[in-house]
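See below for the structure under consideration.
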Amino acid sequence: MITLLAGEVLSALGDHQQQIKALRQGEFFAQNKTITVFEEQRTIPYYAIRNEGSFEALFDPVPYLFGLIDSVFEQCSIDVEQRARCGLFIGSASNDLSLSVPLGESIKQRQTLSIENQRVGNGQYAERLSQHFGLSDLSLTYNTACTSSSNAILDAATMLESQMVDYALVVGIETFAEHSIEGFVSMQLLAAESSKPFDASRDGLLLGESLSVVLMSRSDVKPSPWHFLGGDSRCETHSVTGVNPDGSGIAKVIGKALDNALVSAQDISAIKAHGTASYLSDLAEINGMKSIFSTPPPFFSLKPYIGHTLGSCGTSELVLMMNTIDEGFIPQTPNFSSIDPQVSWSPTEESIPCDQGVFLINCFGFGGNNNAFVIEKKAL
């Protein structure tokens, strides 16, 4: 059986204790950020990483990742020999800022800019992390928009099950990227003030930064109360930007994930929804879940707490959810106040006591890449 051993996340919620306090009380820490979008100054709500001292990871998040990975290795007592049997799986939507930023600038300025020979990106991050920690040669990177790090989790589980490696380190990376914000502005997908998943008055998503790591293994190698039971990933071609609002693509991937995990809809204790707060995305997710669940289990969105962290949301939200269950509760969904008649289901409005169970994790990516997986916590 695949085990989930430990995880760490650096986001707008701050350190571990700050995360738990905020999630228990329904608090969040968005701030205003002024940027230039298409030669126009705009101020938007944004979830920047909250960290002691300054955070300047635009071009180099690796030193911060060193700290997160050191923490999970220390928690699990992973020695040098065990690290050599650990594969690396990195997911990020901002794949290579060292190229995308100057290319974007050259388009805006209508002239060719020189690009420094100092590339950064998923492959370079992977090389530095592998060398620093002495990891296995197995290293894979993922760039499937919002499902990047959750696809990395699915592949890590497959590699562990096939015994290609004994440990898997899954990393999610998303830092400030002007071109990402410009894209969402151009599609009019950003909220005016706040993220309100599933609410009748939802008006779009808010972006956020996050660095996150999850360490996985097998029960014969290192046991854990947390288990990965199974999942599924597939694409739909309804449009170039997203899923079918009727939820058919989402229903298909959730149904297959439950089948692969050998559980039924009735076994699910709660759902970590994707919950972007964009109108069509939330509608599609609810319609998809209605095809699977006759009565909804408790479901919640974590994006009002940390923003939509794009490629990092799979690992970041997984870690935050596991932390809340370890602390004995399912978090509330902030900013929900009125039921959308088209949706008719409401997310958690208060925290719910829960310290174990079977949980569905939804992630649906821009462009129509969808995945879902099932995890379980039970006493050792």
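With 3.5 Å as the limit, one finds no donor-acceptor pair spanning the side chains of Y47 and E209. Side chains of N151 and T144: a donor on one and an acceptor on the other come within 3.5 Å. With no hydrogens or angles considered, no side-chain donor-acceptor pair links S92 and S148 at under 3.5 Å. A donor atom on one side chain and an acceptor atom on the other are not found under 3.5 Å apart for Q82 and D166. In this model, no donor atom of one side chain and acceptor atom of the other lie less than 3.5 Å apart for S210 and S11. Remark: the N244 side chain and the E236 side chain contain no N/O donor-acceptor pair separated by less than 3.5 Å. Between the side chains of S219 and T3, not a single donor N or O lies within less than 3.5 Å of an accepting N or O. S212 and S316 are linked by a side-chain donor-acceptor pair at a separation below 3.5 angstrom, with hydrogens and angles left out of the test.
S301 approaches H274 most closely through the heavy-atom pair OG-O, 3.9 Å. The nearest pair of heavy atoms linking R202 to A277 is CB-O, 3.4 Å. A pairwise comparison of heavy atoms in W345 and S294 identifies CZ2-O, 4.5 Å as the closest pair. Across all their heavy atoms, N370 and G365 have their closest contact at OD1-N, 4.1 Å. Taking all atoms of both residues into account, the shortest heavy-atom contact from S136 to S130 is O-OG, 4.4 Å. Nearest approach of A372 to V253, heavy atoms of both residues: N-CG2, 4.2 Å.
Looking at C354 and I325, their side chains come closer than 4.5 Å, going by heavy atoms from C-beta outward. E285 places none of its side-chain heavy atoms less than 4.5 Å from the side chain of L283. The shortest side-chain heavy-atom distance between I173 and L65 falls under the 4.5 Å cut-off. Two residues are said to be in side-chain contact when any heavy atoms from C-beta on lie closer than 4.5 Å; M1 and F228 fail this criterion. Considering only heavy atoms from C-beta on, P197 stays 4.5 Å or farther from T276 through its side chain. Two residues are said to be in side-chain contact when any heavy atoms from C-beta on lie closer than 4.5 Å; L169 and F89 fail this criterion. F184 places a side-chain heavy atom less than 4.5 Å from the side chain of L205. Using a 4.5 Å heavy-atom cutoff, the side chains of I271 and P298 are not in contact.
The 12-atom threshold is exceeded at CD of Q41, counting heavy atoms of other residues, nucleotides or ligands nearer than 6.0 Å. The environment of E74 atom CD is sparse: at most 12 non-hydrogen atoms of other residues, nucleotides or ligands sit within 6.0 angstrom. Atom CZ of R234 is surrounded by more than 12 heavy atoms from other residues, nucleotides or ligands within 6.0 Å. Counting heavy-atom neighbours within 6.0 Å of E193 CD, excluding the residue itself, gives a total of 12 or less.
The main-chain N or O of W226 is found under 3.5 Å from a side-chain atom of S224 such that the two form a donor-acceptor pair. A side-chain donor-acceptor contact under 3.5 Å links S149 to the backbone of G311. In this structure, E174 contributes its side chain and A93 its backbone to a donor-acceptor pair below 3.5 Å. In terms of modelled atom types and a separation under 3.5 Å, the side chain of T324 and the main chain of M321 share a donor-acceptor contact. No donor-acceptor pair closer than 3.5 Å links the side chain of N362 to the backbone N or O of N371. Using modelled atom types, one side-chain atom of H308 and one backbone atom of L310 make a donor-acceptor pair closer than 3.5 Å. Judged by distance alone, the side chain of R50 and the main-chain N or O of L13 form a donor-acceptor pair under 3.5 Å. The closest donor-acceptor contact from the side chain of N369 to the backbone of C235 lies at 3.5 Å or more, if one exists at all.
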message: Could you walk me through whether K377 and D326 satisfy the salt bridge (charged side-chain N to carboxylate O under 4.0 Å, His left out) test, starting with their C-alpha distance in whole Å, then the side-chain angles of each, then the deciding distance to 0.1 Å, before giving a yes or no?
response: CA-CA 9 Å; K377 185 189 179 185; D326 286 340; 2.8 Å; yes

message: Between Y305 and F29, does the side-chain contact (heavy atoms from CB on, under 4.5 Å) criterion hold? Intermediate values first, please.
response: CA-CA 7 Å; Y305 293 99; F29 306 95; over 6 Å; no

query: Does the pair F373 and F359 meet the rule for a side-chain contact (heavy atoms from CB on, under 4.5 Å), with working shown?
result: CA-CA 8 Å; F373 57 89; F359 308 99; over 6 Å; no

task: Could you walk me through whether T315 and V171 pass the side-chain contact (heavy atoms from CB on, under 4.5 Å) test, one step at a time?
output: CA-CA 7 Å; T315 44; V171 178; over 6 Å; no

message: Walk me through whether D232 and K252 qualify under salt bridge (charged side-chain N to carboxylate O under 4.0 Å, His left out).
response: CA-CA 9 Å; D232 187 56; K252 190 175 294 184; over 6 Å; no

message: Checking L5 against M216 for the side-chain contact (heavy atoms from CB on, under 4.5 Å) test, could you report, in this order, the C-alpha distance in whole Å, the side-chain angles of both residues, the deciding distance, and whether it holds?
response: CA-CA 6 Å; L5 301 179; M216 304 169 64; over 6 Å; no

Full working for side chain to side chain donor-acceptor pair (under 3.5 Å) between S344 and K290: CA-CA 10 Å; S344 73; K290 284 181 177 178; 2.9 Å; yes

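Linking Ile, Leu, Val, Met, Phe, Trp and Tyr residues whenever their side-chain heavy atoms come within less than 4.5 Å places I306 and F300 in a single cluster. In the hydrophobic clustering of this structure, V213 groups with Y125; members are Ile, Leu, Val, Met, Phe, Trp, Tyr whose side-chain heavy atoms approach within less than 4.5 Å, directly or through other members. Under a hydrophobic-cluster definition in which Ile, Leu, Val, Met, Phe, Trp and Tyr are linked whenever side-chain heavy atoms come within less than 4.5 Å, directly or via other members, Y167 and L68 are assigned to the same cluster. Note on Y279 and L206: separate hydrophobic clusters, where clusters join Ile, Leu, Val, Met, Phe, Trp and Tyr whose side-chain heavy atoms are under 4.5 Å apart, directly or indirectly. Note on M322 and V358: separate hydrophobic clusters, where clusters join Ile, Leu, Val, Met, Phe, Trp and Tyr whose side-chain heavy atoms are under 4.5 Å apart, directly or indirectly.
For the pair R83 and F133, the cation does not sit on the ring face, since its NZ or CZ is not both under 6.0 Å from the ring centre and inside 45° of the axis.
For the atom pair D137 CG and M164 CE, the distance stands at 10.5 Å (nearest 0.5 Å). Atoms CG and CG, on L129 and L88 in that order, are 6.0 Å from each other to the nearest 0.5 Å. Once rounded to the nearest 0.5 Å, the distance linking OG of S71 with NE2 of H16 reads 10.0 Å. Between atom CG of residue L360 and atom CZ of residue F293 there is a gap of 5.5 Å, rounded to the nearest 0.5 Å. The CD atom of E376 sits 8.5 Å away from the OG atom of S269 when rounded to the nearest 0.5 Å. Taking CZ of F366 as the start and OG1 of T147 as the end, the distance is 12.0 Å to the nearest 0.5 Å.
Ring to ring, F198 and F299 are close: their centroids are under 6.0 angstrom apart.
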Let me have the donor-acceptor pairs involving side chains of residues 153-161, under 3.5 Å, with sequence neighbours excluded, atom names and distances please.
residue	atom	partner	partner atom	Å
D155	OD2	Y142	OH	2.8
T158	OG1	L154	O	3.2

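Evaluation of the side chain to side chain donor-acceptor pair (under 3.5 Å) test over residues 21-34, restricted to residues two or more places apart or in two chains, returns T34-T43.
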